[in-house]
Number of protein chains: 2
Amino acid sequence: MERNVDLNGFLENKQNFIPHLSIDSVIFGFHQDQLKVLLLRVHDSGVWSLSGGFVRMEEGIDPAALRILRERTGLENVYLEQYHTFGHEDRSKKNTLADILDFGHTEEFRNSWLNKRFVSIGYYALVDFSKVNPTPDSFSDIAEWFDLKDLPPMIFDHREMIHKALESLRANLDTKLVGFNLLPETFTMPELQSLYETILGYPLRRNNFQRKMLSMDILERIEKLYTGAANKAPYLYKFKAPTTEVV
Amino acid sequence: MERNVDLNGFLENKQNFIPHLSIDSVIFGFHQDQLKVLLLRVHDSGVWSLSGGFVRMEEGIDPAALRILRERTGLENVYLEQYHTFGHEDRSKKNTLADILDFGHTEEFRNSWLNKRFVSIGYYALVDFSKVNPTPDSFSDIAEWFDLKDLPPMIFDHREMIHKALESLRANLDTKLVGFNLLPETFTMPELQSLYETILGYPLRRNNFQRKMLSMDILERIEKLYTGAANKAPYLYKFKAPTTEVV
DNA sequence: TTATTATTTTCCCATTTTGGGACAATAATA
DNA sequence: TATTATTGTCCCAAAATGGGAAAATAATAA
C-alpha cells in the first residue's frame, strides 16, 4: 500500500546524520491538573513515538535536541535536560518503524541506515502547555498530548524512556526547582501545589507546602486573582529567577 | 618516529564498532584518605585519558562499559553508573590522539574512523582500590591512579568528564548509598567518615555522622580493630546490603 | 444587611531532625 | 597508676517538619 510519506531524503541520509545515534525528547506539559507528554503518531498507525531526531555530523547534541524541540513545538527557549542514554542492544528491535510503516518503499527502508540499531540520548523538556504548537515530523501525521497515566502503544522502548524521564524529573523537582517551567508566567499557590502533587504522585499539605515555597524566597507575589468563585481570591505569583534554562 | 603501538585492528574497525560513539569511564578509588581516578597514559606522551572504548554493533552500552572496565581493572562486579553523555561538536578536537601520537602510521590514523568526531557516554565506576589490577589498553602504555586534586594533562574533554562525574557521585552519595563500593569489605567509622568528607569536600561532625549512619540500619557491627595505637580501638563494620550493584 | 459557603492564608503547637558541645570509654605508653 | 590520643555516647538547643485549627475573604443566599 502506497502512502503519502515524505521522508525528505532521510533514507539516503542527505543531511549527513551520525549513524546509529538518535535523540529523543520527552516533552512534558501540565494541563487541567494532569501531567502530559507530547507524542507523535507514526503515519497511519496506532503506534506513537517521542519527539526524536538525529545529530548532524558537525552539530552538538544539545543544539540538536533544541533544534528537534523547536521543530515539534515552535518554542525557542525551552527547559531541556539530558537525563539518560538508552543503548540496550535490542531496544529498537520491537515495534520498529519497518514493522509499522508498510508504505511503498519498505524494501528500501529495511535496508537503509534508519532501520539499523540506534543508541538514543534521552532528554526531557518542560514547556508551558498553552504555548506549544504541536507539529508532526516526517515520520508522523499527528502530534498530540497524552495523559501520562494513559499512554498509547509506543514504538521501541519509548514507554520506558518516559518512565525514566519522570523519575528524573521527580528527583530534580526539589533540588533544581524546575517545576515552574511547566506553568505560565503567573500562577496561584494551589496551582503550583497541584503541579507538585501531580508530578510526585502523592498529596501535600496546603499549609506546609505554602510555607516551604514562600520560605525559599523564589516567588514574587503579584495581585489577587478574582475568578468569580464564592470564596477568598488566591494571590498570583511569579517565579523570580528566569524560568527557562537552556542546556 | 616509529613506535611500538599495536592497535589490534582498530584502525580498520575489525571488531565492527559503532562509529562516532564511545564510552568513557571515570574509575574512582579511595586510598590514603584521597579520592583517586585511574588514568591511562597515551603512548609515550604526557597526556592521559579515561578508560574508554567502543560499542560493538550487537552489544548493549552497559555490557560494553562493563567489558571495558573488566579489561582495565580485572574486576568482574563493579558498581557502574551512567551519568552523562558528552556530545559537544568540538569535544574531540583538542588534544586529539592524532596530535599526541606521531607514530608511523599517522596518515592512516588521521583518515581512519578513530580520528572522527565522537559522542561519548560517560560512566563512573566505584571500586575497591586494593583489588584493582591497572592494565593499559591499545592506546596507552601505563595505567595509574591519580589524586583527583592533582590531575595530569588530559585528552579531549576528559577533565570536564571527571568533574561532572564527581558532581554526580556527590549527588548520589546520600540517596543511593554508593560510597561503600569504594571501601573494602570491612571498615571503621572514621574511615567511612573520611570517605564521605573527601567526596563531599567538607568536614562532618563525628557524633552526628555516626548517628546518621547507624540510624539507617545498613551497617553490621563486627569486632573491634586493634591497630596497636595508644587509644580506644574502633569497631569494624560491614555493609549489610550487597555492596556491588551492576548497571 | 447579614448569614452562609467554599477556599485561601495564616497561626500555633507537637514531633522529629539536626547542630554542636561535652563527657565517658579504652588501648597503649610513660 | 597516670597520661595521651582516639573512639563512642549522651544531652540539650535550634531548626525543620507534621498536622490541626482558626482567621480572612469573595461571592451568594436569606
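These values consider heavy atoms only, across backbone and side chains, with no hydrogens, waters or symmetry-generated copies. Treat the numbers as computed from the prediction; the structure is a model and nothing was measured. Residue numbers begin at 1 in each chain, while the letters A, B, ... track the order of the sequences.
For A/Q210, a side-chain nitrogen or oxygen approaches OP1 or OP2 of C/dT10 to under 4.0 Å.
Overall bending of the helix from C/dT1-D/dA30 to C/dA30-D/dT1, expressed as the angle between end axes built from five pairs apiece, is 30° (10° steps).
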* Footprint string (nucleotides 13-26 of chain C, 5' to 3'): B base within contact, S backbone only, - free, heavy atoms under 4.0 Å -> -----BBBB---BB
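The backbone N or O of A/F118 lies less than 3.5 Å from a partner atom in the side chain of A/R91, making a donor-acceptor pair. Of the possible polar contacts, none joining the B/S194 side chain to the B/P190 backbone as a donor-acceptor pair under 3.5 Å is found. Side chain of A/E71 to backbone of A/D137: no donor-acceptor contact under 3.5 angstrom is found. No donor-acceptor distance shorter than 3.5 angstrom exists from the side chain of B/R205 to the backbone of B/Q210, with no hydrogens or angles considered. The closest donor-acceptor contact from the side chain of B/R72 to the backbone of B/P136 lies under 3.5 Å.
Qualifying ring-ring contact (aromatic ring centres under 6.0 Å, His included) partners for A/F187, counting only residues two or more places apart in sequence or in other chains: A/F180.
Atom CG in A/L214 sits roughly 14 Å away from atom P in C/dT8 (whole-Å rounding). Rounded to a whole Å, the CZ atom of A/F209 is 16 Å from the C1' atom of C/dT10.
Pairs of residues two or more places apart, or lying in two chains, never qualify as salt bridge (charged side-chain N to carboxylate O under 4.0 Å, His left out) while including a residue from residues 25-34 of chain A.
For B/F86 and B/H84, the ring centers are positioned less than 6.0 Å apart.
The residue from B/V26, B/L69, B/L80 that alone fulfils the side-chain contact (heavy atoms from CB on, under 4.5 Å) condition with B/Y123 is B/L80.
The residue among B/Y237 and A/A229 whose nearest nucleotide of DNA chain D lies closer to the 5′ end is B/Y237.
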If you look only at distance, which donor and acceptor atoms sit under 3.5 Å apart when one is on a side chain in residues 160-170 of chain B and the other is two or more places apart or in another chain?
unit_1	atom_1	unit_2	atom_2	d
B/R170	NE	B/I199	O	2.7
B/R170	NH2	B/I199	O	3.4

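Think of the region where chain B sits on DNA chain D: with heavy atoms and a 4.0 Å cut, that region ends 5' and 3' at D/dT4 to D/dC11.
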